[in-house]
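Data block below; observations after.
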Amino acid sequence: MLDQLENLGAAARTELNQLTNGSTLDAWNSKYIGRKGEITQMLRRVSELPKEERPAFGKRANELRQELEAEFAEKEAVIKAAELEQAMAAGALDVSLPGRPVARGRLHPSTQTLRRIYAIWAEMGFQVYRSRDVETDEMNFQLLNFPPHHPAREMQDTFYTTNPDVLLRTHTSPGQVRVMRQYHPEPIRVILPGMCYRHEQITARSEIQFHQVEGLAVGKGIRFSDLKGTLINFTNRLYGQGRPVRFRASHFPFTEPSAEMDVQCFLCDGKGCRICKYTGWLEILGCGMVHPTVLRNGGYDPSIYSGFAFGMGPERITMLRHGIEDIRYFWGNDLRFLEQF
Amino acid sequence: MKVPISWLKDFVDITLPIEELAERLTLAGLEVGGIHKIGLPGADLEWERDKLVLAHLLKVEQHPEADRLVLATVDIGAAEPETVVTGAPNLFEYVGQGDISHLGLKSPFVMEGATVYDGHAKEPGVKMVLKGRKIRGIMNRHMLCSEKELGLSDEHEGIILTATEDAPPGTPLLDLWGDAVLDIDLTPNLIRTGNILGVAREVAALTGQTLRYPDTTLPSTEGVPVNDQLVIETTEPELNPRFVAILVNGITIKPSPYWMQRRLRLAGQRPINNIVDISNYVMLEMGQPNHTFDWDVLRRRADDYAGPNEPVKIITRLAEPGEKVTTLDDKTHTMPDFSILVTDPKGNLSIGGIMGGGESEISDASQNVLLEAAAWNFINIRRTSQALNIYSEAAYRFSRGTHPSLAMFGALRGAKLLADIAGGVIAPGILDYYPHPAETVTVDLPQAEVTRLIGIELSVDEIKQILESLEFEVEISQSPISNLQSPVLHVTVPDHRLDISAEPVTGRADLVEEIARIYGYDRVPVTEMADELPPQRNNLPFEREERTRDLLIQTGLQEVITYRLTTPEAEVRILGQDYVAQATYVTLANPSTPERSVMRHSVLNSVLEIVAENSKRHAHVELFEVGHVYLPNPNGVGEAAILPDEKRRLVIAMTGPRSEMSWLPTDAELMDFFDLKGIVESLLDGLHLDQVAFKPAQHHAFYPGRVAELEINGQSVGLMGQLHPYVVEAYDIQIEEDQPVLAADFDLDALLAQVPDLYAVRSVPRFPPVQQDIALVVDETVPADQVYHLIMQTGRPLLTEASLFDVFRGEQIGAGKKSLAFSLTFQSEETTLTDKVVAKQQQKIVKRLAHEIGAQLRG
Ligand SMILES: [Zn+2]
């Protein structure tokens, strides 16, 4: 019977070595070493042997079974690994195919730029203050030092309404008077974003409505040098640290002194290009010290208080930063435009 | 304004290279938009010094082989004269006159090998190199050239031929006519620099040079004094504060000298004749517009209205109702009643300060002229100019403010040139009507004010020097005025500075600006505000609006920003004829396009226009806008009576398949009411609004039965649903048949006002939930949310959630019925629930629903 056992062992080994896949593995396992397997059956037949032969046979049979089990485990691992290898090879993807579409909502590009501006000014202590689109002539012009028929009004092509005292604001500056009247005599640091309107033809270069963000600081001892410092801090954030700027004298009826702030063209680094009209500079905002008349109209004594104001156009900033050449894209809202932001 | 450097040099020495000068002017507020160089190094066409020279004309002969060519012999300062073959028409009159050197005619001479512009090229700026060639048998190496060939102007009628150039033969053209023209953009406050002298004054102040004034010394006078021949009367001294007139007799009308023509052309004026040119020249040079009348015309009219021995009478007065003026451009204008005219008893002569009249205009036969230089009220000139739509050079200057003192200066300068250039003889005396001379403005400027406003420390002497460089007169007083403990500068403002206010605080700021400007903004230090920080203020309406945008883009919507201007007709499509007929709009008096004539009442109208536009190219469109509507409120008080309520709206519009197309299987079903509702629910959830109800509603713009009114805390905030097919058609939205277009239009102010400041968060449950499904058959008319609310009311607190997962209709449950299947979640915060407890709770629910709405448990 011991011979029988050894033969059985040899046959099992031969068969095991020839196995190639998972299902035949299972069959081999139950045929030889499973609960009803032949080795197990042989072990049960130990009682048929003479008593003295029983221990040796039993020992050998158990040994054999353990050996086969170990060999089986080894074989099984090899086959499973091969099978996995094969399955993975068959399951390779074309990773160049596009992914499942995800619906991503987007903010309008003007909102995106407005938010950048809000964020930078918020860190410098300037809060958002909003005022109305439809304004009185008094707020939009007279209190800002544009008397009726004043030539400076020609700089702003105005939409008037059927009520001659009412117009669409041409700038966010009337908000300056409103915020001053609300907060005086406290110091003020606000930005005033909003839609403004100009009587223009709608072309690639001009629009009838556009956003403006105006800033206003009022207090005791605010100087033109502070205006420079504050605006340079802003441009460092928006246009890159250390990008050169310059302040040019200019004229706005509601500020004095008035200036235009230019930033070195970030498209050509000041070498001159089509966008900066070969000057190397981009005009990015108008600014100045609040005119004494405007301070007075806002309820502040101009011999004690001073302040500065500035204004910029988010659409212009967006156009410069993204090389957009047609301002009509903004209110056209063509998805082919909007989806690029 | 175009400023030739050569002209500028009459009044100030230029010590900087042109580019640096332009930069200085730009930084000081005179924005140089361009530098146009002529002949100079760096110009598009550089004139070679030794190849382009001045020639003196010696003789002109007919070309032996060609009728239309001549041979011009010229002296170019070389040992031998040169002969040039040319077809210049303005040389033909000298053929056969023999030696004409006594005429002193000069012309530009270009040698072989030099580059000039091609005079015959159709496009400007085409260059050519001059090559010698035979012309009809005669070798020709050089040429005499036109303004166009040199790049001086477009003039190519003939060669430049002038007797008024004094330079010797052979003078390089570069030294003679090489020039640069600055193109300066002027802001309205800078009209004082709208002339060459004004720019020179700025250059002098910016570069520390001395300003020279134009020559106004008159030659000796002759004849009857002007004041014996002319009287002036003005009915409106406020509108016409000064009127200066000088009579110049015996002028000869002819072309003005070449130097003057060249300057005028460079400055953008076309030369006409010496009299017109002098008038323009004076205006461009020193800023005083002026007018020359044909004196003999005025005299003849006086013969009619007063008699031969009576003086001419000029009256400036307001236009009579409907009065018409024919101006020298032959146009007839009906004058507004506020406009002021220069007239005589017979009728009007010119529009004061704007344009001369046709009859008294200078003609080729004029011999005696009356030169007028006056002052006009700038606001009145501006109104008149706008009313008549005449934007003349004179109106441009007067409407921005020209001081009355300039009138005399301009008249003297004009008379001087009429005598020097047109050979006129000046009649003795000057008529000067100036009843109320303008007061001189003085401003007291404390030194400390410069530091307070600019942040620079300047000594009183430095401040004084800057102001004096701009012709302010300054006296320093060490005694402090009022409570300001700093030296004070008593500043007297020069007449041309109409921009400096007499009001003390504003006047100080005006001077501080001048000091900063001349000192240089670039030299002002860069500092941080040291002032106290203002209190930070709560701004919830703004923050919540931004939160709304964030929540909506998270659901996949695209934000749009649309025109706030529209038309009532466009809004009829969504608001209906009845609404629009009664609505008051903020209406533009001067729309720039008829499609944008009123401020909108509907944001949805604007957004649907965008949906329609995009639907031409995109199947899937999902948009939102947060924007205002403008609702006039005639019952408002004060400002609110004339200004509209500006209300924030939130509009969502969507249509098309649920997902974008893909190579993978996607949900290609069309979006319906519940896609919109899901987005709205997601928004409300994100804003922590839970007391919300969607009530069935009716509205003409929506599909009947597919529209709901959103209520938050019992307050209605607007409608949402599927748009009526007629509305979809009215907007011409390009979609499949029966494709729903969904829209929501909410009052955002009302919605955000309900947002809680705080919301509590429940603890995460420690005990496991038990899930039970329940299907209830109810009448079709019972709304699902009523069933939901009953389930929740009855099942609480153990029932924590009931979510609808199936709606079924069919024969099995009978007609007019529907089955609603809910998945119920029971959970306790204290213990693990047993099946028995849950079953009991569920029974309670079923019983209540059976009782209240006749619901049957579906088997
Ligand atoms: Zn550039």
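Worth knowing before you read on, the calculation uses all heavy atoms, side chains too, and leaves out hydrogens, waters and symmetry mates. Quick caveat: nothing in here was measured; it's all calculated off a predicted structure. Numbers restart at 1 for each chain; the letters A, B, ... are given by sequence-line order, proteins then strands.
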More than 12 non-hydrogen atoms from neighbouring residues, nucleotides or ligands closer than 6.0 Å to CZ on R617(B), yes or no? yes

Between S592(B) and Q201(A), does any side-chain donor sit less than 3.5 Å from a side-chain acceptor? no

Verify whether one side chain among R223(A) and S306(A) offers a donor that lies under 3.5 Å from an acceptor in the other. no

Side chain from CB out, backbone as N, CA, C, O: work out which of these in [X] comes under 4.5 Å of a heavy atom of chain A, or both, or neither.
X       : result
M529(B) : both
I561(B) : both
T593(B) : side chain
R564(B) : both
N539(B) : side chain

Answer with side chain, backbone, both or neither: which region of I222(A) has an atom nearer than 4.5 Å to a non-hydrogen atom of chain B? both

Examine whether an atom of N145(A) lies under 4.5 Å from a heavy atom of chain B, and if so say whether it belongs to the side chain, the backbone or both; otherwise answer neither. neither

Looking only at heavy atoms and a cut-off of under 4.5 Å, which of [options] has the most pairs with chain A?
options                   : value
P644(B), G33(B), S662(B)  : P644(B)
T506(B), D510(B), V586(B) : D510(B)
I454(B), V526(B), I379(B) : I454(B)
A589(B), S597(B), G455(B) : A589(B)
R596(B), E514(B), E546(B) : E546(B)
R517(B), H620(B), R452(B) : R452(B)

Quick one: closest heavy-atom pair of P101(A) and M661(B), and the distance? CG-O, 4.2 Å

Which heavy atom of G401(B) sits nearest a heavy atom of L498(B), and at what distance? C-CD1, 3.5 Å

Thinking salt bridges, do R24(B) and E19(B) make one under a 4.0 Å N-O criterion? no

Run the salt-bridge test on R549(B) and E559(B) with the 4.0 Å N-O cut-off and return the result as yes or no. yes

Using the side chain to side chain donor-acceptor pair (under 3.5 Å) criterion, which residues pair with Q558(B)? Sequence neighbours excluded. none

One option among S110(A), S258(A), P164(A), P302(A) has the most heavy-atom pairs under 4.5 Å with chain B, and it is S258(A)

According to salt bridge (charged side-chain N to carboxylate O under 4.0 Å, His left out), who are the partners of D522(B), at least two apart in sequence or on a separate chain? none

